[in-house]
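What follows is a single structure, written as structure tokens, with notes after it.
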Amino acid sequence: VKPEQTPEERRQRIVREIPAAEPPVTAITNLYSAERYGRRESGEDSPVTKTADKAWADARGNILQRFLRRRFLPWQK
């Protein structure tokens with residue numbers, strides 16, 4: 001990941017390498033862009049925060065699954 005990449009460019013790279021992570025990674029990217037570049041307010045109980053938390057949990061599961069598969073079952077892709 002290059003520091004000069006936009007959030008969308010990072011999302012595209014992750015999705016290319018881990019297609020199953022597309023829905024949560026897209027949600028996280030959209031939420032990040034809205035929070036970073038928009039004028040939205042968020043808090044622990046906001047719908048944005050809840051959506052982000054769920055998306056991160058989903059993405060983390062996909063990423064962990066891929067890592068474990070590559071680590072312990074390298075002959076499978």
**Study point:** Partners passing salt bridge (Lys or Arg N to Asp or Glu O under 4.0 Å) against Glu9 (at least two apart in sequence or in another chain)
**Key:** none
Check your understanding: Are Lys54 and Asp58 close enough that some pair of their side-chain heavy atoms sits under 4.5 Å apart?
Key -> yes
How long is the span from the [atom1] atom in [X] to the [atom2] atom in [Y], to the nearest 0.5 Å?
{"X": "Thr51", "Y": "Asn30", "atom1": "OG1", "atom2": "CG", "result": "11.0 Å"}
{"X": "Gln5", "Y": "Arg11", "atom1": "CD", "atom2": "CZ", "result": "12.5 Å"}
{"X": "Thr6", "Y": "Gln12", "atom1": "OG1", "atom2": "CD", "result": "7.0 Å"}
{"X": "Tyr32", "Y": "Glu8", "atom1": "OH", "atom2": "CD", "result": "13.5 Å"}

Check your understanding: For the residue pair Pro7 and Thr29, what are the closest heavy atoms and their distance?
Key -> O-CG2, 3.7 Å
Which pairs of donor and acceptor atoms, one on a side chain in residues 14-25, lie under 3.5 Å apart (sequence neighbours left out)?
residue: Glu22; atom: OE2; partner: Thr26; partner atom: OG1; Å: 2.7

Check your understanding: With the 4.5 Å side-chain cut-off for hydrophobic clustering, are Leu68 and Ile63 part of the same group?
Key -> no
